[in-house]
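A, B, ... follow the sequence lines: proteins, then strands. Residue 1 opens every chain. Note that this is a predicted model, so its numbers are computed, not measured.
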Amino acid sequence: MDLFTRVRDLVAEVLQVPASSLDASSGANDVAEWDSLQHLNVIAVLEQELAVRLPDEEATSAQTLGELVQVVSRAKAREAA
Amino acid sequence: MIFKNVRHALRIWRSRLDVARRFDVLLEPAVVIKYPEHITFGKKCTLQAGAYLYGSRAGRPVTLADFVVVAAGATVLGEGGVSIGEGTHLGPHAVVTTQWGDPRGERVTDTPTVRTLPVSIGAGCWIGSGAVIMPGVVLGDRCTVGPGAVVFGRFPADTTLRGNPARAIPPRGAQRTSCSSEGHEVRR
């Protein structure tokens, strides 16, 4: 399973929406369930499930699913280095 | 049980005393300060009646710069670390929180898992009554947050935010203006 799909499935699980309803541009602006508290929960679940520490600034700045995937990808690359 | 509560009241009273001795801060009645060890105040700060200030047990700094006002009933939960800039005013019953419950942590326990992110609020900000500043928020200097707004994210200096979720609204100078029949300028 690629990283995008993994992150999308976890975000969908937190927001309790169908994974198929989310794409890279999905975010708080167009997904009603994606509010500020759920964004924090998304960060927590991504860190736990993907065993990665997301930098505070990047994690809270990410506005869309695609940006979140990039944040996770960069964090994983840093930790692997 | 009574002794447990007496001890707790004594700890809070000592925290107030500790802060009043160390800093130039006005503490009105019913202010509650917990875990003051890593809390610092600039000069002439005011905590109005009923304000609740919770420091960080993990040792993260909670810093209120000069002339900060925490109005009546406002709350600062500083477990993740908080920085509030010079002259910033938290309105009545505003909440600054750095913590939230871990969505997958144990819930039915006396020690629930709590996650934290630091909050930074710049100088000269006005935080409206009942507004909520969520974990991880960064506000630049001179931001204005409307009453009841729920703020999440990072916003540059001079941003005005309203609503839930809070959105930036255009600066006043960018709004259209016209003249009424009496010749007075009218903002729309």
Side-chain angles (χ1 to χ4, degrees), chain A residues 1 6-19 21-22 24-72 74-75 78-79, chain B residues 56 58 60-61 77-83 94-107 112-122 127 130-140 143 145-146 148-156 159 161-169:
Chain A
M1 185 184 293
R6 183 83 174 110
V7 172
R8 184 198 63 185
D9 290 352
L10 288 169
V11 171
E13 182 187 329
V14 172
L15 302 181
Q16 297 190 318
V17 300
S21 69
L22 300 175
S25 65
S26 299
N29 286 334
D30 58 350
V31 180
E33 293 81 0
W34 195 327
D35 61 16
S36 51
L37 181 59
Q38 290 293 46
H39 190 95
L40 294 170
N41 288 336
V42 164
I43 294 170
V45 168
L46 290 178
E47 288 190 347
Q48 286 171 10
E49 293 298 316
L50 304 177
V52 65
R53 175 78 170 93
L54 304 180
D56 297 347
E57 181 173 345
E58 293 182 35
T60 54
S61 298
Q63 302 277 319
T64 64
L65 176 59
E67 290 174 13
L68 267 178
V69 173
Q70 290 174 16
V71 169
V72 172
R74 284 195 297 270
R78 274 193 296 268
E79 291 185 4
Chain B
S56 173
R60 300 183 184 94
L77 301 176
E79 188 61 48
V82 173
S83 172
V95 175
V96 175
T97 179
T98 59
Q99 63 193 56
W100 77 103
D102 190 321
R104 294 197 169 175
E106 180 63 43
R107 293 184 180 221
T113 311
V114 171
R115 302 290 305 250
T116 64
L117 282 171
V119 166
S120 174
I121 301 173
I127 311 299
V132 179
I133 309 298
M134 297 288 284
V137 163
V138 176
L139 293 178
C143 286
V145 175
V150 179
V151 181
F152 181 72
R154 310 169 75 86
F155 299 93
T159 304
L161 295 153
R162 288 184 186 157
N164 177 13
R167 303 282 186 219
I169 63 172

Engineer: Is it the case that the side chain of A/T64 and the backbone of A/G27 share a donor-acceptor pair, with hydrogens and angles ignored and the cut-off at 3.5 Å?
Structural biologist: no

Engineer: Which residues pass the side chain to side chain donor-acceptor pair (under 3.5 Å) test with A/E13, sequence neighbours left out?
Structural biologist: B/R104

Engineer: Tell me if a side-chain donor or acceptor on B/Q99 pairs with a main-chain N or O of B/L77 at a distance below 3.5 Å.
Structural biologist: no

Engineer: For residues B/D102 and A/Q48, determine if any side-chain heavy atom of one lies less than 4.5 Å from a side-chain heavy atom of the other.
Structural biologist: yes

Engineer: Hey, which of A/L54, A/V11, A/L10 is the one that makes side chain to side chain contact (heavy atoms under 4.5 Å, CB included) with A/V42?
Structural biologist: A/V11

Engineer: If you count heavy-atom pairs within less than 4.5 Å of chain B, which of A/D56, A/N41, A/L40, A/T60 leads?
Structural biologist: A/L40

Engineer: Among A/L68, A/I43, A/V71, which residue satisfies the side chain to side chain contact (heavy atoms under 4.5 Å, CB included) criterion with A/E58?
Structural biologist: A/V71

Engineer: If you check every heavy atom in residues 114-122 of chain B against those of chain A, which residues fall under 4.5 Å?
Structural biologist: B/R115, B/L117, B/P118

Engineer: Against chain A, label B/P165 side chain, backbone, both or neither, depending on which of its atoms sit under 4.5 Å from a heavy atom there.
Structural biologist: neither

Engineer: Are the side chains of B/V151 and B/I127 in touch, meaning some heavy atoms are under 4.5 Å apart?
Structural biologist: no

Engineer: Would a 4.5 Å heavy-atom cut-off, applied to side chains only, mark A/V7 and A/L65 as touching?
Structural biologist: yes

Engineer: Return the set of residues passing side chain to side chain donor-acceptor pair (under 3.5 Å) with A/S26 (not counting sequence neighbours), or none when no residue passes.
Structural biologist: A/D23

Engineer: Over all heavy atoms of both residues, which pair between A/V45 and B/P103 is shortest? Give the atoms and the distance, please.
Structural biologist: CG2-CG, 3.7 Å

Engineer: Relative to chain B, which segment of A/E57 carries a heavy atom at a distance below 4.5 Å: side chain, backbone, both, or neither?
Structural biologist: both

Engineer: State whether the number of non-hydrogen atoms from other residues, nucleotides or ligands found under 6.0 Å of A/Q16 atom CD is greater than 12.
Structural biologist: no

Engineer: What residues of residues 29-39 of chain A make heavy-atom contacts with chain B at a cutoff under 4.5 angstrom?
Structural biologist: A/N29, A/S36, A/L37, A/H39

